[in-house]
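Lettering follows sequence order; numbering is per chain, from 1.
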There are 2 protein chains.
Amino acid sequence: MIREFFLGFIKIHTLYHASKGGICGIEIIKELKRHGYAVSPGTLYPTLHALERDGYLKSRMLVIHGKRRRYYKATKKGISVLKKSRERLRELVEEVME
Amino acid sequence: MIREFFLGFIKIHTLYHASKGGICGIEIIKELKRHGYAVSPGTLYPTLHALERDGYLKSRMLVIHGKRRRYYKATKKGISVLKKSRERLRELVEEVME
DNA sequence: ATCATGATATCGCAATCCGATATCGATATA
DNA sequence: TATATCGATATCGGATTGCGATATCATGAT
């Protein structure tokens, strides 16, 4: 049940970090794991691709410690969507929080 | 983007009302519409069936104003899941709200 | 050159979304 | 009694998504 929300939070979370210095797939997976949530690569990477395809993220390959990592930064569109999503989210949550 | 959260809220919303006196499909559709969200019958009814199949809701047919309506009440399991979901949800939201 | 490793990408099946359509039963009308 | 109408629920089918498992791929080490 809470899983459905969580899947949405992956996107907001990603946008949030991508709006502050950039983030890559493996970092997201590890960070979410610290918070107690598991997300598989088969879920995450297609999600990142979709966010980029839709113009919310822009990526480039970097080599860190000899490993290729695709780092994502939020676009203007991405930042604007992040803001709006947070507002709507707050409304929806207050609705069910009594 | 926000749509994903919304689809989760349909369930929590339903559980919430089902835990306080019962609710039926058409009422959910209308109430969500008041809040500015559209949910089609093809989405809602299978969702209700799944919630009942999984033991969160219990339904019975009533005749109201000469019309058949299937009213749902939350089970103990449903109420317990509702509580837990709200807690986890609150955590997740605070995480991205900065 | 080859290998091991970490990271990303993709495959395939199952589940979900949702517009459109069908069904169903109760009342009104005749 | 028959049937027409209407509100509400149920289902169909194509597109999309979730995700475990697997493949790919570039880099640094041996």
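Listed for the A/T14 side chain is a donor-acceptor partner under 3.5 Å among the backbone atoms of A/I10.
Heavy-atom minimum distance, A/Y71 versus A/L62: CD1-CD1, 3.9 Å. In plain terms, the two heavy atoms of A/P41 and A/P46 that are nearest each other are O-CD, 3.6 Å. Between A/L15 and A/A74 the shortest heavy-atom distance is O-CB, 4.1 Å.
For the contact set between residues 23-31 of chain A and DNA chain C, defined by any heavy atom under 4.0 Å, the members are A/C24, A/G25, A/I26, A/K30.
Shown here is B/R60, whose CZ atom has no more than 12 heavy atoms of other residues, nucleotides or ligands within 6.0 Å. Crowding of B/K33 atom NZ: a count of heavy atoms from other residues, nucleotides or ligands under 6.0 Å not exceeding 12.
For the residue pair B/H17/B/E27, the side-chain donor-acceptor check at 3.5 Å is not satisfied.
In this structure, the CE atom of B/M61 is 12 Å from the C1' atom of D/dG7, given to the nearest Å. To the nearest angstrom, P of C/dT16 lies 15 Å from CZ of A/F5. Distance CD (B/E4) to P (D/dT16): 15 Å, rounded to an integer number of Å. Look at CZ on A/R69: it is 13 Å from P on C/dA9, rounded to the nearest Å. Separating the OH atom of B/Y45 from the C1' atom of C/dT23 is a distance of 13 Å, rounded to the nearest angstrom. Between the CG atom of B/L51 and the C1' atom of C/dA15 there is a distance of 15 Å, rounded to whole Å. Atom P of nucleotide C/dC18 and atom CG of B/L44 are separated by 11 Å, given to the nearest angstrom.
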Could you tabulate the donor-acceptor pairs under 3.5 Å formed by side-chain atoms of residues 85-96 of chain A, not counting sequence neighbours?
residue: A/S85; atom: OG; partner: A/V81; partner atom: O; Å: 2.9
residue: A/R86; atom: NH1; partner: B/V96; partner atom: O; Å: 3.0
residue: A/R88; atom: NH2; partner: B/Y37; partner atom: OH; Å: 3.4
residue: A/E95; atom: OE1; partner: B/H35; partner atom: NE2; Å: 3.4
residue: A/E95; atom: OE2; partner: B/H35; partner atom: NE2; Å: 2.9

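In terms of phosphate contacts, A/R70 brings a side-chain nitrogen or oxygen within less than 4.0 Å of OP1 or OP2 of C/dA9.
Taking 4.0 Å as the cut-off between side-chain N and carboxylate O, B/K11 and A/E4 count as a salt-bridged pair.
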Next on the checklist: Output one letter per nucleotide in nucleotides 19-30 of chain D: B when a protein non-hydrogen atom lies under 4.0 Å from the base, S when only the sugar-phosphate is that close, - when neither is.
Outcome noted: BBB---BSBS--
